[in-house]
Structure formats: C-alpha cells, structure tokens
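In what follows, a single structure is set out as structure tokens and then discussed.
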Amino acid sequence: MDIGGVRIAPGDIVIGDANGVIALPPAALAAVVHEAELSDAAEPELLRRIRAGEDLRTLLHLG
C-alpha cells in the first residue's frame, strides 16, 4: 500500500510525533532507534555551537 507516496508493507512499524512520521520494517527498528538516540545526545552541543555563531551549513555538513 502507498500512503502519500510512501510504501507501507504489511508488518511495518509506523511511528509518529510532532516532527513527522516514519514507517519501517521491524528488522530496521533497532538501528533507527540507535541513530535517533545518538542524534538526541548530540543536540545540546549542536545548539551550543549555533549560539556561538558557527555556520549551521558547516555543522550539518551541507556546504
């Protein structure tokens, strides 16, 4: 089934919050949760560096 152009397969896990929605196969859940935890842990340092005047594009490796 496709919802909004995103393929959802039987058994997929669908999780959502104020930031968005993700659908993934159960086998991918642990890796995605781990990456989300790493991102959350890095956020205070990222915000500190932004407040200190560092360029967000550089911090996010966008340019």
Side-chain angles (χ1 to χ4, degrees):
M1 165 190 318
D2 283 42
I3 299 175
V6 176
R7 183 70 150 151
I8 309 294
D12 278 359
I13 297 169
V14 180
I15 302 170
D17 66 10
N19 295 310
V21 178
I22 185 171
L24 61 152
L29 183 62
V32 170
V33 168
H34 177 70
E35 290 299 319
E37 289 171 337
L38 291 176
S39 176
D40 284 352
E43 189 170 306
E45 175 64 10
L46 178 63
L47 292 173
R48 183 196 67 73
R49 292 175 69 181
I50 292 168
R51 285 187 201 107
E54 290 189 50
D55 188 287
L56 182 59
R57 293 169 296 186
T58 302
L59 292 172
L60 297 179
H61 309 288
L62 299 175

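Quick note: numbers below take in every heavy atom, side chains included, and nothing from hydrogens, waters or symmetry partners. Here, residue 1 is the first one in the sequence, and each next residue gets the next number.
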Please output the side-chain donor-acceptor pairs of residues 42-52 that fall under 3.5 Å, not counting sequence neighbours, one pair per line with the distance.
unit_1 : atom_1 : unit_2 : atom_2 : d
Glu45  : OE1    : Arg48  : NE     : 3.0
Glu45  : OE2    : Arg48  : NE     : 3.4
Glu45  : OE2    : Arg48  : NH2    : 2.7
Arg49  : NE     : Glu54  : OE1    : 3.2
Arg49  : NE     : Glu54  : OE2    : 3.0
Arg49  : NH2    : Glu54  : OE1    : 2.8

Quick one: which residue pairs count as a side-chain hydrogen bond (donor to acceptor under 3.5 Å, both in side chains) with a foot in residues 23-32, not counting sequence neighbours?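 Residue pairs with at least one partner in residues 23-32: there are none.
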N/O donor to acceptor pairs below 3.5 angstrom from side-chain atoms of residues 5-29, sequence neighbours left out:
unit_1 : atom_1 : unit_2 : atom_2 : d
Arg7   : NH1    : Asp2   : OD1    : 3.2
Asp12  : OD2    : Ala9   : N      : 2.9
Asp17  : OD1    : Asn19  : N      : 2.7
Asp17  : OD1    : Gly20  : N      : 3.3

